[in-house]
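Worksheet for the structure shown next.
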Amino acid sequence: WMFALLVDQQGNVWAGGRQGLVRKCGQSERFEAVSATQQLLAQDTVTLLYQDQAGLIWVGTQNGLLLTLDPVHGTLRQLAPDGSEPAGPVNAMLAADAHTVWIGRGNGIEVREVRSGALQQRLTHRRDQPHSLPGNDVRGLVRDASGVLFVGEFGGGVQRYVPALPGISVLMPDASD
């Protein structure tokens, strides 16, 4: 079972799923296991693959593991959760700008610095904050040409984040639609 696919900047095809992470290089007809990840992913399911502008492959899993893999050097780094709560499944990822990525999880959004992977902020549902996420099960992240970020949630609809403005606004469908 495969849950995540990626074609990297060199044209290699990556696939992730219940059996971990595999890669098909160049004109090869075969996928090969990525040995650097086998031990960490043995009891997990890869749910997300993303390549940033620097060429690092980000790997997210059902159990909340978040890794970066340098495909040129074969080095692997596990990014630590903030420890405030268990890491939720990794469902979506997006470069918010040149310096930060948003990771959509089953328990909110992590905002991380691209180069170091350091956690900068967690966005979650907070009853006492009207401009927080309406729910925590983030399933999709996209950015439009003007830089506005859209967040899709399971059961929470679509929200809009405009970087120049505070908070997140919930977009409601028109009742006549």
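The model shown is predicted, which means the values in this text are computed figures rather than measured ones.
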Item to check | Non-hydrogen atoms of Q159 and E153 that approach each other most closely | outcome: OE1-OE2, 2.8 Å
Checklist entry - Is L6 reachable from M2 through a run of hydrophobic residues whose side-chain heavy atoms are each under 4.5 Å from the next? => result no
Next on the checklist: Atom CZ of residue position R160 - does it have more than 12 heavy atoms of other residues, nucleotides or ligands inside 6.0 Å?
Outcome noted: no
Item to check | side-chain contact (heavy atoms from CB on, under 4.5 Å) assessment of L56 paired with V114 | outcome: CA-CA 9 Å; L56 291 178; V114 172; over 6 Å; no
Next on the checklist: Suppose clustering is done on Ile, Leu, Val, Met, Phe, Trp and Tyr with side-chain heavy atoms closer than 4.5 Å. Which residues sit in the same group as F3?
Outcome noted: W1
Checklist entry - Can you name the closest pair of heavy atoms from R126 and S132 and give their distance? => result N-OG, 3.0 Å
Checklist entry - Going by distance alone, is a donor N or O of one side chain under 3.5 Å from an acceptor N or O of the other, for N63 and T61? => result no
Item to check | side-chain contact (heavy atoms from CB on, under 4.5 Å) evaluation trace for T68 with L76 | outcome: CA-CA 6 Å; T68 59; L76 183 70; over 6 Å; no
Checklist entry - How close do G16 and L49 get, heavy atom to heavy atom, and via which atoms? => result N-CD1, 3.8 Å
Checklist entry - Going from CZ on R112 to CH2 on W58, what distance comes out if it is rounded to the nearest 0.5 angstrom? => result 7.0 Å
Checklist entry - Under 3.5 Å, is there a donor-acceptor pair between the side chain of R23 and the main chain of N12? => result no
Checklist entry - Backbone N or O of H125 within a donor-acceptor pair of the N136 side chain at under 3.5 Å? => result yes
Next on the checklist: Is there a side-chain contact between N91 and D137 in this structure, where contact means two heavy atoms from C-beta onward sitting under 4.5 Å apart?
Outcome noted: yes
Checklist entry - Hey, any chance V101 and V142 share a hydrophobic cluster, counting ILVMFWY side chains that come within less than 4.5 Å of each other, even indirectly? => result no
Next on the checklist: Just so I know, are the side chains of F31 and V13 near enough to count as touching, which here means a heavy-atom distance under 4.5 Å?
Outcome noted: yes
Checklist entry - Which heavy atom in D70 sits nearest to a heavy atom in V72, and how many Å separate them? => result OD1-N, 2.9 Å
Checklist outcome for this item: d(Q51 CD, D8 CG) to nearest 0.5 Å is 5.0 Å
Item to check | Exercise: identify the closest heavy-atom pair between N107 and A87 | outcome: ND2-C, 4.0 Å
Checklist entry - What about L94 and V138, same hydrophobic cluster or not, with Ile/Leu/Val/Met/Phe/Trp/Tyr joined at side-chain heavy-atom distances under 4.5 Å? => result yes
Checklist outcome for this item: Which of L40, V90, L79 passes side chain to side chain contact (heavy atoms under 4.5 Å, CB included) with L67? It is L40
Checklist entry - What's the spacing between D52 CG and M93 CE if we round to 0.5 Å? => result 7.0 Å
Item to check | Co-membership, hydrophobic cluster, residues F154 and V158, 4.5 Å side-chain | outcome: no
Item to check | Y50 (side chain) donor-acceptor with I103 (main chain) under 3.5 angstrom | outcome: no
Item to check | L65 side, atom CG; L48 side, atom CG - distance, nearest 0.5 Å | outcome: 12.0 Å
Checklist entry - Same hydrophobic cluster for L141 and Y161, using side-chain heavy-atom links shorter than 4.5 Å among ILVMFWY? => result yes
Item to check | Side-chain heavy atoms of W102 within contact of V151, under 4.5 Å | outcome: yes
Item to check | Reported CG-to-OG1 distance for the pair L69 and T37, which is rounded to 0.5 angstrom | outcome: 7.0 Å
Checklist entry - Closest approach of S116 and R77, non-hydrogen atoms and distance? => result O-NH1, 2.8 Å
Checklist entry - What's the spacing between R115 CZ and H99 NE2 if we round to 0.5 Å? => result 8.5 Å
Checklist entry - Would a 4.5 Å heavy-atom cut-off, applied to side chains only, mark Q121 and T100 as touching? => result no
Checklist entry - side-chain contact (heavy atoms from CB on, under 4.5 Å) between D44 and Q62: does it pass, once the steps are laid out? => result CA-CA 7 Å; D44 209 341; Q62 180 67 35; 4.0 Å; yes
